[in-house]
Visitor: 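Mind having a look at this structure? Questions to follow.
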Amino acid sequence: MTLLSPQDMLVVHGGNPLHGEVRVRGAKNLVSKAMVAALLGDGPSRLHNVPRIRDVEVVRGLLELHGVRVRDADGAGDALVLDPANVEQAAVDEINVHAGSSRIPILFCGPLLHRLGQAIIPDLGGCHIGPRPIDFHLQALREFGAVVDKTDAGLQLTAPSGLRGCKLDLPYPSVGATEQVLLTAVMAQGVTELRNAAVEPEIIDLICVLQKMGAIITVHTDRVIEIEGVPRLGGFVHRPIPDRIEAASWAAAALATGGDVTVRGARQVDMMTFLNGFRSVGGAYAVDDAPDPEGGIRFWHPGGELRATAIETAVHPGFMTDWQQPLVVALTQARGLSIVHETVYEQRLGYTTALNQMGATIQVYRDCLGGTPCRFGRRNFTHSAVIAGPAKLNGADLTIPDLRAGFSHLIAALAAEGISRVYGVNLINRGYEDFEAKLAALGAHVDA
Ligand code: EPZ
């Protein structure tokens with residue numbers, strides 16, 4: 001299976017509202033982690049509603065290199081069966097084929113240490129939205145008893161005395177570091193207490209996966225998670241939560257183009273903060289609570305002018321950083337001055353240059369323009385933006401810098417008058433399943 005278009009460029013004829021229905025499947029940021037969790041089981045696991053995206057392919061490739069048998073359960077590409085019966089150490093040169101392709105490999109550390117006593121992790125990839133260090137991950141692994149060597153070939157880890165539960169307090173509620181701790185602590189000896197943990201819905205869903213496998217995990221109030229290590233875990237059968245980032249991306253596309261898009265599979269409970277932001281700007285939505293596949297959320301532009309608003313990104317239950325970029329495109333069409341304060345990543349406003357090139361008026365600032373001063377204030381990171389609208393967007397030649405910014409470029413091109421050439425669209429396949437087919441189904445005028 002290849003998810004790459006032969007031509008890494010799309011010609012977008014903008015100015016047409018998107019109308020119709022799309023479907024979102026299992027969340028990229030849960031599916032990839034649940035696949036890693038399967039390594040810990042002593043029997044096969046089955047994961048349903050798996051999207052055909054490149055991050056899933058990368059994790060599948062890495063699992064297969066480590067001896068996990070991965071097969072499509074039903075031939076329809078909907079469910080994966082992952083059998084870790086013959087887990088083995090992969091060759092370093094084979095692992096390094098995946099260098100730079102994703103950030104998920106860092107989560108192989110704990111499971112491989114449990115299964116094999118050692119782990120080799122290739123250099124990480126992922127979006128260029130800040131330095132994205134892994135210091136919290138490595139510090140936590142060392143507290144569990146791992147020995148970490150940084151080599152030219154990547155990270156090499158061993159656990160000469162096994163892994164033991166410990167007390168950890170994250171400097172920031174990092175999603176990845178919380179997942180690292182969960183995937184390591186579930187089979188470590190004794191109890192682990194994690195303070196200042198991230199509690200995103202994808203993390204709670206990963207906890208559900210691990211609990212199905214036999215783990216004992218308690219989520220206390222105030223971001224404290226307690227994990228009682230167990231000596232063995234079994235397989236799981238799981239249907240992941242829907243992709244709330246993709247759902248919000250289509251919602252923003254509907255609003256920015258003056259359209260009407262129903263996102264089947266989207267759930268209100270995962271998107272409450274987004275829905276508040278969407279309504280403040282003047283967007284309309286209606287929730288259909290019917291179970292998947294019928295249920296979903298319809299998002300539309302109700303006519304009239306959109307209103308300027310203020311957004312501050314934050315960890316859950318705040319406004320997700322991944323919702324910021326798509327919604328800003330809609331904010332270029334709102335009357336007045338909107339303010340965005342990005343507090344999760346230090347460099348997630350770079351894409352605004354392309355929007356300005358298309359006719360938007362967005363000014364970026366180093367200061368914290370939100371209600372809460374954040375850790376990036378006075379540190380030379382341009383992490384706040386003021387958007388003056390409404391602005392007429394015109395087609396332009398655009399190069400996609402990262403996944404979410406890439407989708408925002410596409411939305412801007414769809415909302416703009418005239419033709420845009422969008423280069424680097426293959427990056428979007430990392431996290432948006434069949435996005436070209438979905439665009440066509442919504443009536444977008446897009447040529448490869
Ligand atoms: C996950 O990234 C997601 N990726 C991101 O989605 C998402 O934006 C992010 O969580 C926040 O919700 C995946 O799940 C694969 P973090 P992650 O650790 O885990 C700092 C997308 O487009 N930090 O919560 O890498 C870090 O630099 C992607 O789907 C450290 O300083 O994010 C950042 O400022 C983009 N040291 C902050 O914490 C560390 O060791 C939050 O990062 C780890 C993180």
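Just follow the structure's listing: the first ligand is 1, and inside any ligand the first atom is 1. None of these values were measured; they are calculated from a predicted model.
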Visitor: Evaluating non-hydrogen atoms only, which member of F136, Y172, Y345, F376 is closest to atom 23 (N) of ligand 1?
Guide: F136
Visitor: Taking 4.0 angstrom as the limit and counting only heavy atoms of I104, give me the atoms of ligand 1 inside it, by number and element.
Guide: 15 (C)
Visitor: Does any part of the side chain of P240, heavy atoms only, come nearer than 4.5 Å to the side chain of D205, both counted from C-beta?
Guide: yes
Visitor: Check if A198 has a non-hydrogen atom at a distance under 4.0 Å from any atom of ligand 1.
Guide: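 No, A198 has no heavy atoms under 4.0 Å from ligand 1.
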Visitor: Within 45 degrees of the ring normal and closer than 6.0 Å to the centroid, is that where the cationic atom of R375 sits relative to Y172?
Guide: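 The answer is yes, since R375 meets both limits relative to Y172.
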Visitor: Once you restrict to heavy atoms under 4.0 Å, what part of R404 touches ligand 1? Side chain, backbone, both or neither.
Guide: side chain
Visitor: Taking C-beta and beyond as the side chain, do V328 and I311 meet within less than 4.5 Å on heavy atoms?
Guide: no
Visitor: Heavy-atom contacts with I134 under 4.0 Å: which atoms of ligand 1 show up? List them by number with element.
Guide: 40 (O)
Visitor: Under 4.0 Å from any heavy atom of V344, which atoms of ligand 1 are there?
Guide: 33 (C), 34 (O), 37 (C), 41 (C)
Visitor: If the test is side-chain hydrogen bond (donor to acceptor under 3.5 Å, both in side chains), which one of Q268, R279, R298 qualifies with Y285?
Guide: R279
Visitor: Output the list of atoms in ligand 1 that are nearer than 4.0 Å to some heavy atom of K28, sorted by atom number.
Guide: 21 (C), 29 (O)
Visitor: Could you give me the CA-CA distance, side-chain angles and deciding distance for W250 and F435, then say whether ring-ring contact (aromatic ring centres under 6.0 Å, His included) is met?
Guide: CA-CA 10 Å; W250 291 115; F435 75 93; 8.2 Å; no
Visitor: What do you reckon, does V175 have a nitrogen or oxygen under 3.5 Å from a nitrogen or oxygen of ligand 1?
Guide: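 Between V175 and ligand 1, an N or O pair is found under 3.5 Å apart.
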Visitor: Work out whether the distance between some heavy atom of E342 and some atom of ligand 1 is less than 4.0 Å.
Guide: no
Visitor: Is it the side chain, the backbone, both or neither of D322 that has a heavy atom closer than 4.0 Å to ligand 1?
Guide: side chain
Visitor: Would you say the side-chain atoms of Y432 and R404 include a donor-acceptor pair closer than 3.5 Å?
Guide: yes
Visitor: Run the side chain to side chain contact (heavy atoms under 4.5 Å, CB included) test on Y351 and D402 for me, step by step, so that the C-alpha distance in whole Å, both residues' side-chain angles and the decisive distance to 0.1 Å come before the verdict.
Guide: CA-CA 9 Å; Y351 71 99; D402 67 63; over 6 Å; no
Visitor: Going by heavy atoms in the side chains, are E202 and K28 under 4.5 Å from each other?
Guide: no
Visitor: In this structure, does ligand 1 have an atom that sits under 4.0 Å from one of the heavy atoms of E246?
Guide: no
Visitor: What atoms of ligand 1 come closer than 4.0 angstrom to any heavy atom of H137?
Guide: 40 (O)
Visitor: What atoms of ligand 1 come closer than 4.0 angstrom to any heavy atom of L403?
Guide: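 Those atoms are 22 (O).
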Visitor: What atoms of ligand 1 come within less than 4.0 Å of a heavy atom belonging to R103?
Guide: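 So the answer, numbered in order with elements, is 25 (O).
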Visitor: Under the side-chain contact (heavy atoms from CB on, under 4.5 Å) test against L182, which residue among L107, L210, T192 passes?
Guide: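 Among L107, L210, T192, the one that satisfies the side-chain contact (heavy atoms from CB on, under 4.5 Å) with L182 is L210.
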Visitor: Relative to the heavy atoms of G176, which atoms of ligand 1 are at a distance of less than 4.0 Å?
Guide: 18 (O), 19 (O)
Visitor: How does R348 reach ligand 1, if at all, at less than 4.0 Å between non-hydrogen atoms: by side chain, backbone, both, or neither?
Guide: side chain
Visitor: Which is it for R375 and ligand 1 at heavy atoms under 4.0 Å: side chain, backbone, both or neither?
Guide: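 R375 to ligand 1: side-chain contact only, backbone stays beyond 4.0 Å.
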Visitor: Which bit of E179 gets closer than 4.0 Å to ligand 1, counting heavy atoms only: side chain, backbone, both or neither?
Guide: neither
Visitor: Could you pull out, from N29, T321, D55, the option with a heavy atom nearest to atom 11 (C) of ligand 1?
Guide: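 Answer by nearest heavy atom: T321.
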Visitor: Which residue in the set R348, Q324, Q347 passes side-chain hydrogen bond (donor to acceptor under 3.5 Å, both in side chains) when paired with E342?
Guide: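 That would be Q324; it is the only one of R348, Q324, Q347 passing the side-chain hydrogen bond (donor to acceptor under 3.5 Å, both in side chains) with E342.
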Visitor: Carefully, step by step, assess H383 and H341 under the rule ring-ring contact (aromatic ring centres under 6.0 Å, His included).
Guide: CA-CA 6 Å; H383 69 291; H341 183 206; 5.1 Å; yes
Visitor: Okay, side chain of T313, backbone of T343: is any donor-acceptor separation there less than 3.5 Å?
Guide: yes
Visitor: Just heavy atoms, cut-off under 4.0 Å: does E202 contact ligand 1 by side chain, backbone, both, or neither?
Guide: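 Neither; nothing of E202 gets under 4.0 Å from ligand 1.
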